[in-house]
Amino acid sequence: MDDVASAKVRLPVARFRDASEASKRVAHEIARLIRQRASENRRCVLGLATGSTPIRVYRELVRMHREENLSFFNVVTFNLDEYFPIKPESPQSYHRFMNENLFNHVDIIRSNVHIPSGTVPLENAPGYCRDYEDLILKFGGIDLQLLGIGRTGHIGFNEPGSTRDTLTRMVRLDSLTRKDAAKDFGELDRVPLLAITMGVDTIMQSKRIRLLAFGEHKARIVQQALQNRMSSALPASYLRQHPDMQYLVDGAAASCLPPSIFGTSLQ
Ligand code: GLP
């Protein structure tokens with residue numbers, strides 16, 4: 001991590017040497033939280049993300065489970081989103097992604113895992129989404145929400161147009177998001193048009209938020225999310241209102257940010 005970001009001040013943006021270092025930092029923070037809660041006989045509620053960005057975080061958590069006795073016995077998870085419609089066993093489904101990258105390799109209690117359904121009947125989706133919100137509240141809210149950022153400025157699948165007060169709901173995917181997903185689905189026409197996602201407000205209610213962004217292709221959107229006017233045109237911009245939010249970026253994703261941002265308030 002660079003000099004400014006390693007200072008004791010709580011900064012909303014921390015720049016790391018590489019994605020690996022940033023991912024380890026977040027994984028270790030998650031592990032500390034899980035262990036602290038376990039020592040108090042309490043559960044730890046994690047909000048989890050998919051995409052290529054958080055993979056290293058999951059890898060480090062799995063390593064700590066195997067080598068350092070990190071148990072997920074007290075962990076409850078809520079994933080941000082899922083394509084719709086999609087079968088859980090489909091190679092592109094977020095159910096499959098989470099199983100392959102994390103859940104199959106740790107001792108989490110399966111009934112503590114929650115991922116929005118890609119198969120709920122369309123007419124039942126509104127009630128299903130309300131239940132998802134209620135369940136998060138029933139577990140006392142999300143302690144730490146892990147996020148990536150899409151090139152449209154989306155968090156979860158809250159595309160441009162998603163207002164600050166949105167909750168879990170069915171959404172239409174932006175054409176750029178579908179284009180970015182086409183590599184996973186083989187061709188654009190196979191990418192679902194819809195998704196179920198937690199809303200901006202659902203995410204903002206989390207006690208801590210950690211957003212990871214790596215690579216040059218994220219540089220522009222990271223800069224806009226941090227410096228443009230806060231608005232539904234750029235849903236990630238709302239995160240600046242959160243009292244315990246941190247961006248963890250590598251040098252490439254930080255490349256459009258002015259050096260001064262590492263020491264200033266972003267409001
Ligand atoms: C998808 C997910 C987002 C994720 C984004 C970025 O749209 N729904 O939660 O942040 O992809 O993906 P990647 O990390 O692969 O760049």
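In each ligand, atom 1 is the first atom listed, and ligand 1 is the first ligand listed.
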Q: Tell me whether the centres of the aromatic rings in F103 and F72 are closer together than 6.0 Å.
A: no

Q: Among protein heavy atoms, which lies nearest atom 12 (O) of ligand 1, and at what distance?
A: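 Of the protein heavy atoms, G51 CA, 4.0 Å lies nearest.
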
Q: If you measure from the Lys or Arg side-chain nitrogens to the Asp or Glu carboxylate oxygens, is any gap between R210 and E29 under 4.0 Å?
A: yes

Q: Identify, by atom number and element, the atoms of ligand 1 in contact range of G148, meaning under 4.0 Å from any of its heavy atoms.
A: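 Counting from 1, the qualifying ligand atoms are 10 (O).
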
Q: Within a radius of less than 6.0 Å around CD of E216, do more than 12 heavy atoms belonging to other residues, nucleotides or ligands occur?
A: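 Not buried by this count: 12 neighbours or fewer within 6.0 Å.
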
Q: For atom 4 (C) of ligand 1, find the nearest protein heavy atom and state the residue, atom name and distance (0.1 Å precision).
A: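 I find the closest protein heavy atom is T50 O, 3.9 Å.
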
Q: How far is atom 2 (C) of ligand 1 from the closest protein heavy atom, and which atom is that?
A: Y94 OH, 3.5 Å

Q: Is the side chain of Q92 donor-acceptor paired with the backbone N or O of D184 at a distance under 3.5 Å, no angle test?
A: yes

Q: Could you tell me the separation between the OH atom of Y132 and the CG atom of L167, rounded to the nearest 0.5 Å?
A: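 CG of L167 is found 13.5 Å from OH of Y132.
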
Q: H114 and F139: aromatic ring centres closer than 6.0 Å?
A: yes

Q: Give me the residue, atom name and distance of the protein heavy atom closest to atom 6 (C) of ligand 1.
A: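 Among all protein heavy atoms, the one nearest atom 6 (C) of ligand 1 is I149 O, 3.7 Å.
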
Q: Looking only at heavy atoms, is any part of S52 under 4.0 Å from ligand 1, and if so is it the side chain, the backbone, or both, or is it neither?
A: both

Q: Would you mind running through ligand 1 and noting each atom that sits below 4.0 Å from a heavy atom of D81?
A: 2 (C), 8 (N), 9 (O)

Q: Consider every N or O of H154 and every N or O of ligand 1, then say whether any pair is closer than 3.5 Å.
A: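 It does: an N or O of H154 is found under 3.5 Å from an N or O of ligand 1.
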
Q: T53 to ligand 1: N or O pair under 3.5 Å?
A: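 N/O-N/O distance below 3.5 Å exists for this pair.
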
Q: Do the side chains of K138 and D131 get close enough for a salt bridge, i.e. N-O under 4.0 angstrom?
A: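 Salt bridge absent between K138 and D131.
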
Q: Going by heavy atoms, is G156 under 4.0 Å from ligand 1?
A: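 G156 counts as a contact of ligand 1 under the 4.0 Å cut-off.
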
Q: Any N/O of T177 closer than 3.5 Å to an N/O of ligand 1?
A: no

Q: Hey, is D180 close enough to R151 for a salt bridge, meaning N to O under 4.0 Å?
A: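 Answer for the salt bridge query: yes.
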
Q: Hey, does K218 sit under 4.0 Å from ligand 1 if you only count heavy atoms?
A: yes

